[in-house]
Amino acid sequence: MRIDRFLSLNGFGSRKSVKKYFHKEEVKINGQIVTDYSTDINGNDVIEVKGIKVSNQPYVTIMLNKPEGYISSMIDERYPSVMNLIPEQYRKRVRIVGRLDYDTTGLLLFTDNGVLNSRLANPKYHIPKTYEVTVNHILKPGLVEIFKAGDIDIGRGEKAASSELVIKDEYHADITVHEGKYHEIKRLFGKYSYDVIKLHRRSLGPINLDVDIGQTRLLNQEEYLQLLKITHLKLEDSL
Ligand code: URA
C-alpha cells in the first residue's frame, strides 16, 4: 500500500492533504525521512509522523458496549441503529460484525476490513463468543452436560453445536458458543423452557469488552493482529 493512502486511512486527512507532511519532511519510515508520498510500505514498516508512531493497520476496528434498545442494522428502523453510537469520523467507513438483538447488551465489533468481518461472522472459523445470561427460573445442573453434548434441535431445522455452560447461581450463567445462529442463545434456553431475561456479550475470540455501556474504543494493534490470527489472515494481506 502507498504511504499517502495509508496515512489517509489512518485519519491524517485526504490523499491530497497528507502531502504537506512529506513536504515538511515530517514522515519517517523505519527512522528514515521520506519525501516521496508514493512510496510503498508493508506490514513490518514502522511509520512516524511528527515523531509519533502511526499504527500500521490501514483498517479501523472498533468495539462498542451496546446498550439495550439499539438494533444491529446500518439504518434506524423500529429502534435506532447502533451506528448512531459510532464516532462520526468512522460511521461511514465501518460495518457491523454479526449482530446482537435489540435487547442484548455488550460487545459488538465494527470494521472496514470486509474479509475479516465475514470470517468473524462465519461459523466455519468457530470463533468463541461468551455471554452472561439471566433466566426466569432456576437453572438445572443437568443443562451443562446437555449443552456440552450439542446437537440440540433449536427449531427452524437448525441444530446448536456443543457449547460451554457455567452456572454461577440459580438464575445466572456464562455460556460460550462457537457458532452465531440467529437468536441462538434464546432459542437454546427456550428449548428447555427458559426465558432469557438478560443477555450480555462479554467477549468475542480474544477481544474482551472493557468500555462502559454506550462507549466505544479503537482496537489496538495487538488486538487487531489477534483477530487476523484467529481468522487465518496476515497483516500483509490487509495492506
Ligand atoms: N443469541 C441470542 O439469542 N441473541 C443475541 O443477541 C446473541 C446471541
Side-chain angles (χ1 to χ4, degrees), residues 62-86 94-111 117-137 139-140 143-144 146-168 171-216 227 230-231:
I62 298 171
M63 78 158 64
L64 164 71
N65 187 343
K66 179 193 168 298
E68 270 186 51
Y70 285 82
I71 49 162
S72 303
S73 153
M74 294 302 287
I75 49 163
D76 296 341
E77 290 171 28
R78 195 161 144 213
Y79 294 96
S81 156
V82 287
M83 296 311 291
N84 292 295
L85 302 167
I86 297 300
V94 295
R95 295 279 175 276
I96 311 164
V97 179
R99 64 189 302 283
L100 290 177
D101 297 337
Y102 87 98
D103 55 353
T104 300
T105 58
L107 177 61
L108 194 56
L109 294 180
F110 299 76
T111 184
N117 191 335
S118 62
R119 290 196 183 185
L120 285 173
N122 187 337
K124 207 174 96 186
Y125 290 90
H126 300 287
I127 312 292
K129 296 162 194 100
T130 300
Y131 295 83
E132 295 168 6
V133 191
T134 309
V135 292
N136 63 334
H137 59 89
L139 287 159
K140 295 206 178 83
L143 277 179
V144 174
I146 294 172
F147 282 15
K148 192 176 166 197
D151 205 26
I152 299 167
D153 182 351
I154 52 170
R156 306 190 336 173
E158 290 184 317
K159 291 202 165 171
S162 169
S163 56
E164 293 100 59
L165 181 70
V166 178
I167 296 177
K168 293 192 292 194
Y171 300 98
H172 300 96
D174 287 346
I175 183 166
T176 302
V177 293
H178 302 261
E179 299 181 289
K181 292 201 168 88
Y182 179 68
H183 285 173
E184 186 174 3
I185 309 285
K186 290 176 186 163
R187 288 160 74 200
L188 200 45
F189 281 91
K191 163 93 186 171
Y192 300 95
S193 308
Y194 291 95
D195 285 341
V196 171
I197 53 178
K198 253 192 186 171
L199 189 57
H200 176 81
R201 183 156 71 187
R202 204 169 60 201
S203 66
L204 187 152
I207 309 302
N208 294 310
L209 182 66
D210 60 5
V211 293
D212 290 338
I213 198 87
Q215 302 298 305
T216 59
L227 286 181
I230 59 164
T231 50

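Throughout, residue positions are numbered sequentially from 1 according to the sequence presented. Numbering of ligands and ligand atoms starts at 1, following listing order. The figures here come from the full heavy-atom set of this structure, side chains too, leaving out hydrogens, waters and symmetry mates. What you see is a predicted model, and the numbers here were worked out from it, not measured in a lab.
- Looking at T104 against ligand 1, only its side chain comes within 4.0 Å, counting heavy atoms.
- Between H183 and ligand 1, at least one N/O pair is under 3.5 Å apart.
- Nearest to atom 4 (N) of ligand 1 among the protein's heavy atoms is D101 OD2, 2.7 Å.
- Using a 4.5 Å cut-off on side-chain heavy atoms (C-beta onward), D174 and Y131 make no contact.
- Between the side chains of N65 and D212, no donor-acceptor pair is found at a separation under 3.5 Å.
- Annotation: Y194 is not in aromatic contact with Y171 [ring centroid separation under 6.0 Å not met].
- Residue pairs meeting the salt bridge (Lys or Arg N to Asp or Glu O under 4.0 Å) criterion with at least one member in residues 182-195, sequence neighbours excluded: D101-K186, D103-K186, E158-R187.
- Residue contacts with ligand 1: I185 is placed with a nitrogen or oxygen under 3.5 Å of a nitrogen or oxygen of the ligand (distance criterion only).
- Where the criterion is an N or O separation shorter than 3.5 Å, residue side chain and backbone included, R187 fails it with respect to ligand 1.
- Contacts between V196 and ligand 1 below 4.0 angstrom, taking non-hydrogen atoms only, are absent altogether.
- Atoms of ligand 1 found under 4.0 Å from any heavy atom of E184, numbered from 1 in the order shown, are 1 (N), 2 (C), 3 (O).
- The protein atom (non-hydrogen) at minimum distance from atom 7 (C) of ligand 1 is Y131 OH, 3.5 Å.
- Legend: residues meeting side-chain hydrogen bond (donor to acceptor under 3.5 Å, both in side chains) with S163, ordered by chain and number and at least two apart, are absent.
- Side chain to side chain, E68 and H200 fail the donor-acceptor criterion of an N or O pair below 3.5 Å.
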